[in-house]
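Some notes on the structure that comes next.
Below, chains carry the letters A, B, ... as their sequence lines are ordered, and counting in each starts from 1. These values consider heavy atoms only, across backbone and side chains, with no hydrogens, waters or symmetry-generated copies.
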Amino acid sequence: MAELDIDTRAAKLGIDWSQVNLDSIQLPPGENFGIESDDEGVYHDDQLEFDTGFGNIIVVDNLPVVPKTKFEKLENVLKKIYSQLGVIKEKGLWMPVDPNTGMTLGYCFIEFNTPQEAQNAKEKTHGYKLDKSHIFAVNMFDDFDRLMNVKEEWEAPQTKPYVPGENLQKWLTDEKARDQLVTRSGPDTEVFWNDARQKNTELVHKRPYWTESYVQWSPLGTYLVTLHKQGAAVWGGADTFTRLMRYQHNMVKLVDFSPGEKYLVTYHSQEPSNPRDASKVEIKVFDVRTGRMMRDFKGSADEFSIGGPGGVAGASWPVFRWAGGKDDKYFAKLSKNTISVYETETFGLIDKKSIKVDNVVDICWSPTDSILSLFVPEQGGGNQPAKVALVQIPSKVELRQKNLFSVSDCKMYWQSSGEYLAVKVDRYTKTKKSTYSGFELFRIKERDIPIEVLELDNKNDKIIAFAWEPKGHRFAVIHGDQPRPDVSFYTMKTTQHGGRVTKLGTLKAKQANALFWSPTGKYIILAGLKNFNGQLEFFNVDELETMATTEHFMATDIEWDPTGRYVATAVTSVHEMENGFTIWSFNGKLLYRNLKDHFFQLAWRPRPPSFLSPEKEEEIAKNLKKYSKKYELEDQDVSLLLSEQDREKRKALKEEWEKWVKQWKSLHEEEKLARQSLRDGEVSDEEEEEDEAKEVKEVEFEDVIEVTEEVVQE
Amino acid sequence: MRPILMKGHERPLTFLRYNRDGDMLFSCAKDHTPTLWYADNGERHGTFRGHNGAVWCCDVSRDSLRLITGSADQSAKLWDVKTGQQLFSFKFGSPARSVDFALGDKLAVITTDPFMERTSAIHVKRIAEDPEDQVSESVLVLESPNGRKRINRAVWGPLNQTIVSGGEDAVLRIWDAETGKLLKESDSEVGHKNTITSLTKSADDSHFITGSLDKTAKACLWDMRTLTLLKTYVSGVPVNAVSMSPLLDHVVLGGGQDASAVTTTDHRAGKFEAKFYDKILQEEIGGVKGHFGPINALAFNPDGKSFSSGGEDGYVRLHHFDSDYFNIRI
């Protein structure tokens, strides 16, 4: 009835009801589907200005009290002072006058075009001496409310009772010693256990629209940071992920942790409205635990980036590079001709001075010590050679330097425990038409830091990738020409050659363009990403043998878990199809796949360094059999249980299906007559069909027999 | 398993249909001539000439005497299978997308595309015993509530009481075939998230399966009466065609990357594979490769011992299963 009413009503109003689809009207969950509109930032900013409204007004106090005759003169003086500091709005200067006496009251209001100008004017003129008896007192108009409400008497701040926090490292105490990983796909961000035994993931926490751009683990795995319009937030805790702290920074784009997780650096840049201007950059450094902002840096993008060797501009993230070690003591910024090194005690420059190095283009910290390596390219058309130098911080003493000739580019690679530094040097050939590459290898921990020069067997080979073995003394290089380059392994330590770098071996013609060492060393994945469509070769460098060659088609990302037991390879949404990730064992055995559409990111939760001493680790490695026994038994139990569970699950599924089919069959039987009548009474129909079905089955059995016969013949 | 390659069409295949006895295979393609093949050896038996546009769909009567085809030339035609002669032509103002004979072959459901001012619609036609008596009037016309979105497929429900339709709006609908009332819509929570490309009934009409371009590209089995989702098969690539084995509990999905993107990516990226799944356990069993374009059509022989696939590449591949196929245990 109600529908009829609506229909007649619609007809009256001339609405074609059939054209209106109510179901197509769906109210979005949340305000904006979690999708941020491109102009949201602009829109938001506008609103902010409306809300506060008076943010661009300042109040100037302690002005001379003047009669009407001198009013104009004073006004002009004020205008002169303040128009230097910003644009005063039309009729934006208002000096109240006592209506009885005609005298001014000794203060005025000035309205600027923008709150920034007002702020600037306040800072610059507060305490300005107009003359001996008139010293300006300038306040923001908005501050007045706050200032008026200050209580007369001082109140002692209350001490809050201490609430013990959650164990932020509980995930490390997992009984099965599993590792966690976070993925982003579609709107969801999910944290999983990688349960390789069960060949599946176990969900820890899932939340749609958890972050507005990406997520990142802190270097020791304690926190997960999410980015939002208002700033960044870190999450962690014992069981579920709870928000531990927020860091206010509007429209934050990038974040970076200090290696010891003490500080968080957030980055925001605003495209300039005038394309000729450089974009504005704001960087804040927060204390992770307290959430306090320690220092902020503002400026144009040029100040935070330097022209690269090819003259390419653009801020390279991270802008601030943290010195190695857990102390988080120093961080450095590179800008034109200067290196600014800050220390975190005062968040000021060391010795209050930057280090001046003409034309420096690249700096790199040692991962463990406060040693900075820097590269200065050739100048004056080759008159002044290029230079690689090591500088000790905070003493700023140059530990070692090397001049290099006819260099086109340099790249520095530190070994993860800071023992070696490899510098890849691209040199021009004599004709200057082409370049060739070689390495300069620094042994940091040895006396006087000896330098060795390494050239590849074929000097003209292009170097495609380079990687140090983590915590080890070996490195791998992909060199040669595409599409089938060679891969070589070198060691810095051998017994025969004393302290000389030696080649371990070369693998010819590999489909690889990226190297992924296991975090524990020894194993490496030679990966062919992009053009090679995800070729993977799992290689054991100790034995120099290939463990497995496989493929994750179109893989874009490869990441070892922090223990070096498993590898995740992922196809992210740059490709349309087969998005998701695959987990492999360290030796290239496929463990399980997980398909997820619109897959954006995968990251293993890092682990803090082990507390075991090297001796203890060695002892465990030696007696591995003894220790592993227990786990092998567990593995067996699990796999038994798993197959049992699997069988039961299948049985249940089959039963459920049977039940459904049976139910349907009885219904089908009831309708038999109706069906026959629809077919003009083809009575024998149903039976005939059933007979046919039986026949078919008989034929199937025949097939089986034939097969066994063949076996006998063989 | 050696496939028989049937090269008779010059354009991409659109639809494949076996007759009830399983000895004939009808194929439709974007060229204008539906073709009849011997389902056993893949020899061409004949063609049906008369359409002037891509042929999207066909259906054959239970007695294998009549064929109905729907075409982009804005008509659906009835054919005499024996002679290949056109018996009747239903004219529409927009392309006919899908056709389906009802139980007893006295009714047919034809869907039309949205075109110019017209919205997508489902037409029910009465099929006369004698072609002389055939009239073109529709018994019933159903307008989709989301008419600008194309209905890709409509089939008859049990006892011709209902019609099930699915299309670009990703919603499955059950209509009353008598009154034209919309009875049920699929739950958008569990249902497809993108265009439903294909809809195939099981051999015993108890359930049906739909393929979709949606995110995970899945096929769902739906209870024919209650429209409850029974199973989901995740394919990872867009699904263009689905079929179910009448003999074993197997489901086969075909599809692949969109044809327009094929030339720009690696040939293996397409995944132009007919993928087999266990119907009950929803696990992938295997795949049959061979096409070098997306698979647009799939059909099982009613005896369940062979199946054929039609691709964007213009080939029909007829596969007779090896004996070990019938002994697969997972």
**Prompt:** Are A/Glu656 and B/Leu230 side-chain neighbours, meaning at least one heavy-atom pair lies under 4.5 Å?
**Reply:** no
**Request:** Could you go through the salt bridge (Lys or Arg N to Asp or Glu O under 4.0 Å) check for B/Glu283 and A/Arg650 one step at a time?
**Result:** CA-CA 11 Å; B/Glu283 282 169 43; A/Arg650 284 173 180 212; 3.0 Å; yes
**Over 12 foreign heavy atoms within 6.0 Å of CZ, B/Arg126** = no
**Request:** Could you grab the distance from atom CD of B/Gln161 to atom CG of A/Leu678, nearest 0.5 Å is fine?
**Result:** 8.5 Å
**Prompt:** Closest heavy-atom contact between B/Leu159 and A/Arg675?
**Reply:** CD2-N, 3.9 Å
**Prompt:** Should we say atom NZ of A/Lys596 is surrounded by more than 12 heavy atoms from elsewhere, each under 6.0 Å from it?
**Reply:** yes
**Message:** Suppose we call two aromatic rings close when their centres sit under 6.0 Å apart. Are B/His207 and A/Trp664 close by that rule?
**Reply:** no
**Within 6.0 Å of CZ in A/Arg593, more than 12 heavy atoms from elsewhere** = no
**Prompt:** If you measure from CH2 on A/Trp660 to CD1 on B/Ile280, what distance do you get to the nearest 0.5 Å?
**Reply:** 10.5 Å
**Asked** If you draw a 6.0 Å radius around CZ in A/Arg207, do more than 12 non-hydrogen atoms from other residues or ligands fall strictly inside?
**Response** yes
**Request:** Mind ranking B/Gly147, B/Gly104, B/Ala203, B/Ala102 by heavy-atom pairs under 4.5 Å with chain A and telling me who comes out on top?
**Result:** B/Gly104
**Message:** Would you say that more than 12 heavy atoms from the other residues, nucleotides or ligands in this model lie under 6.0 Å from the CD of B/Glu178, or not?
**Reply:** no
**Prompt:** Where the side chain of B/Lys106 meets the backbone of A/Arg679, is there a donor-acceptor pair that is under 3.5 Å apart?
**Reply:** no
